[in-house]
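Since the structure is predicted, the reported quantities are computational estimates derived from the model, not experimental observations.
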Amino acid sequence: MTVRPVAGYDGDALRAYLAQHRAVLDAGDLEGISDRFDLPALLVEQDRTTLLESPEQVRELDHGRPAATDARDAVAAVPEVVSLEEVGWALLWVDVRWSYVDELAAELTSERCRYLLRRGRDTFEICALVPLPR
């Protein structure tokens, strides 16, 4: 995963955050997932915006892999930072392409999400999540 330097942000910390984020999602750790959000947060989809005010609301979101038919043989999700923009001193807009790969590292499918991340609790927290169309 390539992360271009941005003033005040450590690329290694962002890579570690994304890897941990994926591990929590893959494990289905609902408590861990909700801990990654800075509540209240926004989920901005093509047809609606949802204000996430509680850990319970975050836990109810569909945080799984892409459609089972696309990712049934996927063994890992590899994040690639497509773009990174600093928004003030504590916020980052991060466009991430998640590549779902099989045991030979061949891509089966992919998806993209844009995250507004805030530096907090010695890591990043999700303030807004925007799934991008395929």
Side-chain angles (χ1 to χ4, degrees):
M1 168 183 13
T2 305
V3 176
R4 71 175 174 78
V6 173
Y9 293 96
D10 177 357
D12 289 338
L14 182 56
R15 277 189 292 278
Y17 173 82
L18 291 171
Q20 292 165 356
H21 182 64
R22 191 72 241 174
V24 169
L25 291 173
D26 287 346
D29 177 0
L30 297 179
E31 180 86 17
I33 292 168
S34 63
D35 285 346
R36 304 188 74 71
F37 281 77
D38 181 23
L39 300 176
L42 291 176
L43 170 62
V44 182
E45 298 174 288
Q46 295 295 315
D47 59 345
R48 68 178 175 262
T49 299
T50 305
L51 179 63
L52 304 170
E53 298 181 277
S54 71
E56 293 76 24
Q57 284 179 291
V58 174
R59 291 182 198 124
E60 291 172 3
L61 296 176
D62 178 19
H63 294 287
R65 295 176 179 263
T69 55
D70 289 343
R72 66 175 172 257
D73 296 324
V75 297
V78 180
E80 173 193 354
V81 175
V82 176
S83 67
L84 179 69
E85 180 184 347
E86 187 174 12
V87 184
W89 62 271
L91 300 174
L92 287 179
W93 265 118
V94 184
D95 185 348
V96 178
R97 181 180 182 274
W98 293 98
S99 174
Y100 295 89
V101 298
D102 65 15
E103 68 233 7
L104 301 175
E107 183 174 275
L108 301 171
T109 189
S110 66
E111 66 182 353
R112 282 182 51 196
C113 292
R114 197 139 220 242
Y115 301 91
L116 179 60
L117 300 177
R118 176 180 288 124
R119 177 67 92 173
R121 294 188 289 171
D122 299 323
T123 187
F124 296 96
E125 295 176 307
I126 300 169
C127 300
L129 169 60
V130 183
L132 300 174
R134 281 186 165 188

S.K.: Provide the closest heavy-atom pair for Leu14 versus Leu117 in the form atom of the first, atom of the second, distance.
M.R.: CD1-CD1, 3.8 Å
S.K.: Does anything in residues 98-108 form a salt bridge (Lys or Arg N to Asp or Glu O under 4.0 Å)? List the pairs, not counting sequence neighbours.
M.R.: Arg97-Glu107
S.K.: My understanding is that only residues two or more places apart in sequence, or in another chain, count here; which of them pass side-chain hydrogen bond (donor to acceptor under 3.5 Å, both in side chains) with Tyr17?
M.R.: none
S.K.: Could you check whether any side-chain heavy atom of Leu132 comes within less than 4.5 Å of a side-chain heavy atom of Asp95, counting everything from C-beta outward?
M.R.: yes
S.K.: My understanding is that only residues two or more places apart in sequence, or in another chain, count here; which of them pass side-chain contact (heavy atoms from CB on, under 4.5 Å) with Glu31?
M.R.: Asp29, Asp35, Arg59
S.K.: How are the rings of His21 and Tyr115 set to each other: parallel, tilted or perpendicular (split at 30° and 60°)?
M.R.: perpendicular
S.K.: For a quick test of reading the model, state the closest non-hydrogen atom pair linking Gln57 to Leu51 and the distance between them.
M.R.: NE2-O, 3.3 Å
S.K.: If you compare all heavy atoms of Pro131 against all heavy atoms of Cys113, which two are closest, and at what distance to 0.1 Å?
M.R.: CA-SG, 4.2 Å
S.K.: Once side-chain hydrogen bond (donor to acceptor under 3.5 Å, both in side chains) is applied, do any residues pair with Ser54, and if so which ones, sequence neighbours excluded?
M.R.: Glu56
S.K.: Working to the nearest 0.5 Å, report the span between CG of Leu43 and OG1 of Thr49.
M.R.: 8.0 Å
S.K.: If every non-hydrogen atom of Ser99 is compared with every non-hydrogen atom of Ser110, which pair is closest and at what distance?
M.R.: CA-CB, 4.2 Å
S.K.: Distance from Leu116 atom CG to Glu125 atom CD, nearest 0.5 Å?
M.R.: 11.5 Å
S.K.: Taking the side chain as C-beta and beyond, is there a heavy-atom pair between Ser83 and Arg114 under 4.5 Å?
M.R.: yes
S.K.: For Arg118, which residues count as a salt bridge (Lys or Arg N to Asp or Glu O under 4.0 Å) partner, sequence neighbours excluded?
M.R.: Asp38
S.K.: Would you mind reporting whether Leu52 and Leu61 have side-chain heavy atoms less than 4.5 Å apart?
M.R.: yes
S.K.: Which pair of heavy atoms, one from Val87 and one from Trp93, lies closest together, and at what distance?
M.R.: CG2-CD1, 3.4 Å
S.K.: Please report the shortest heavy-atom distance between Arg22 and Tyr100, naming the atom on each side.
M.R.: NH1-OH, 3.2 Å
S.K.: To the nearest 0.5 Å, how far apart are CD in Glu86 and CG in Leu91?
M.R.: 9.0 Å
